[in-house]
2 protein chains.
Amino acid sequence: MDTTTFSALAEPNRLRIVELLQGGPMTVGEIADHTELRQPQASKHLRVLLEAGLVEVEAAANRRNYKLRMEPFQALDSWLDTYRNIWNERFDNLDNYLKQLQAKNNKQNES
Amino acid sequence: MDTTTFSALAEPNRLRIVELLQGGPMTVGEIADHTELRQPQASKHLRVLLEAGLVEVEAAANRRNYKLRMEPFQALDSWLDTYRNIWNERFDNLDNYLKQLQAKNNKQNES
DNA sequence: TAGGAATATTCCTTGACGGGAATATTCCTA
DNA sequence: TAGGAATATTCCCGTCAAGGAATATTCCTA
């Protein structure tokens with residue numbers, strides 16, 4: 001995992017844009033409207049997202065439709081695999097501990 | 001989803017530290033050794049990770065053991081849910097498209 | 001209790017990033 | 001083909017984050 005996806009998403013306005021694009025492709029103007037960003041800054045942030053591979057553009061005459069790319073999110077997803085293992089492991093340990101505790105209690109109650 | 005986890009992971013050395021800690025708790029000195037970071041910078045990065053909630057510390061005399069916290073990763077995981085829906089949706093569309101195409105071909109071959 | 005090991009903090013400097021304003025570019029249509 | 005709409009780019013400035021070096025802090029042990 002390299003850090004470009006993280007840096008792209010580390011900027012609040014860009015994260016906002018990404019979440020906006022969940023609803024489908026959008027035009028620069030629409031994005032600017034929904035984010036209180038001026039058009040130039042919207043363009044700039046979209047450029048960063050584009051270079052990070054988080055979005056792609058399709059030119060339609062005057063307009064540009066920006067759309068989410070799924071690859072980076074899928075990469076994130078598999079990056080998380082390792083951590084899922086870790087937290088499952090920890091959960092199993094806790095689980096075992098609780099079971100042992102319960103077994104112990106049962107034994108006491110028997111006597 | 002707020003951006004603090006992303007900014008914490010956006011710094012290469014910090015991402016490196018997080019991945020190191022997959023192997024279990026580590027001391028500041030150990031971390032510094034494994035990352036070509038000087039001790040002060042290691043401390044500083046750990047502070048950031050700490051404040052972002054990505055790690056926790058346990059003091060042991062002179063040493064401090066830093067250890068991963070799972071909550072932020074779990075949060076990331078559920079944040080990804082939305083995007084999983086999106087890519088499944090797209091995959092279904094592609095799937096349907098291919099099936100239609102195949103049905104069409106079969107029809108042609110029949111005649 | 002002095003010294004040393006492990007860690008944290010401070011100060012400084014530098015480079016990158018984000019916003020604002022102005023301007024350039026592209027494309028459509030009257 | 002001139003003008004206008006949509007978008008991109010450039011320049012400037014202020015802020016912030018990261019590394020280096022030095023120093024402070026904490027805790028152990030001889």
Side-chain angles (χ1 to χ4, degrees), chain A residues 1-69 72, chain B residues 1-69 72:
Chain A
M1 189 79 195
D2 83 324
T3 72
T4 65
T5 299
F6 290 130
S7 352
L9 297 173
E11 215 285 326
N13 292 307
R14 282 196 296 263
L15 182 57
R16 187 82 189 293
I17 292 179
V18 165
E19 305 200 313
L20 263 183
L21 291 180
Q22 286 177 2
M26 268 201 190
T27 253
V28 178
E30 294 171 331
I31 292 173
D33 287 345
H34 288 67
T35 54
E36 302 166 342
L37 284 172
R38 325 232 164 226
Q39 177 270 319
Q41 339 298 333
S43 271
K44 289 182 206 171
H45 283 304
L46 284 166
R47 192 184 213 286
V48 176
L49 290 173
L50 188 64
E51 284 171 353
L54 286 171
V55 301
E56 58 190 7
V57 219
E58 191 186 356
N62 234 0
R63 322 257 170 108
R64 312 250 167 144
N65 286 309
Y66 283 87
K67 180 185 161 192
L68 283 184
R69 288 185 69 246
Chain B
M1 188 78 193
D2 84 324
T3 71
T4 66
T5 299
F6 290 130
S7 352
L9 297 174
E11 214 286 326
N13 293 306
R14 282 196 296 264
L15 182 58
R16 186 83 187 293
I17 292 179
V18 165
E19 305 200 314
L20 264 183
L21 291 179
Q22 286 177 2
M26 268 202 191
T27 253
V28 179
E30 295 170 331
I31 292 173
D33 287 345
H34 288 66
T35 54
E36 302 166 342
L37 284 173
R38 324 231 165 227
Q39 176 270 320
Q41 339 297 335
S43 270
K44 288 183 206 171
H45 283 305
L46 285 165
R47 191 184 213 289
V48 176
L49 291 172
L50 188 64
E51 284 171 353
L54 286 171
V55 301
E56 58 191 5
V57 218
E58 189 186 357
N62 233 359
R63 321 258 170 106
R64 312 249 168 146
N65 287 309
Y66 282 86
K67 180 185 161 191
L68 282 185
R69 287 184 70 246

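Everything numeric in this text was worked out from a predicted model, so none of it was measured. Every chain is numbered from 1, with letters handed out A, B, ... down the list of sequences.
Look at A:H45 and you'll find a side-chain N or O under 4.0 angstrom from OP1 or OP2 of C:dG19. Phosphate proximity of D:dA6 to A:Y66: absent, as no side-chain N or O sits under 4.0 Å from OP1 or OP2. Regarding contacts with the backbone of C:dT7, a side-chain N or O of B:T27 is found under 4.0 angstrom from either OP1 or OP2.
As a whole-Å value, the separation of A:L46 CG from D:dA6 C1' is 13 Å. Between the P atom of C:dA8 and the CZ atom of B:R47 lies a distance of 10 Å, rounded to the nearest Å. Look at CG on B:L50: it is 13 Å from C1' on C:dT7, rounded to the nearest Å. Between the P atom of D:dT26 and the CD atom of B:E58 lies a distance of 19 Å, rounded to the nearest Å. Put simply, CD on B:E11 is 14 Å from P on C:dA16, counting in whole angstrom units. Between the CZ atom of B:R63 and the C1' atom of D:dC28 there is a distance of 10 Å, rounded to whole Å. In this structure, B:L49 places its CG atom 10 Å from P of D:dA18, rounding to the nearest Å. Note: CG (B:N65) to C1' (D:dT26) measures 16 Å, nearest angstrom.
With D:dA8, C:dA6, C:dG20 as the choices, the nucleotide that has an atom nearest any side-chain atom of A:R64 turns out to be D:dA8. Proximity note for B:N62 (side chain, C-beta onward) versus C:dG19, C:dA6, D:dA5: the nearest is C:dA6. Taking the side chain of B:K44 as heavy atoms from C-beta on, and the options C:dC11, C:dG19, C:dT26, the nearest nucleotide is C:dC11.
The backbone N or O of B:T27 lies less than 3.5 Å from a partner atom in the side chain of B:E30, making a donor-acceptor pair. Between the side chain of A:R69 and the backbone N or O of A:L54 there is no donor-acceptor pair closer than 3.5 Å. The closest donor-acceptor contact from the side chain of B:R14 to the backbone of B:A8 lies under 3.5 Å. Proximity of a side-chain donor or acceptor of A:E19 to a complementary backbone N or O of A:R16 within less than 3.5 Å is not detected.
Nucleotide C:dG15 has D:dC16 as its partner under the Watson-Crick or G-U criteria, with both atom distances under 3.5 Å. Summarising the base pairing, C:dC28 is matched to D:dG3 through a Watson-Crick or G-U wobble pair whose two defining distances lie under 3.5 Å.
Here the shortest heavy-atom pairing between A:A60 and A:N65 reads CB-ND2, 4.1 Å.
Between the side chain of A:Q39 and the base of D:dA8 there is at least one donor-acceptor pair of N/O atoms closer than 3.5 Å.
For A:A61 and A:L37, each mapped to the nucleotide of DNA chain C holding its nearest heavy atom, the one lying further toward the 5' end belongs to A:L37. With DNA chain C read from its 5' end, the first of the two nearest nucleotides for A:Q41 and B:A42 is the one closest to B:A42.
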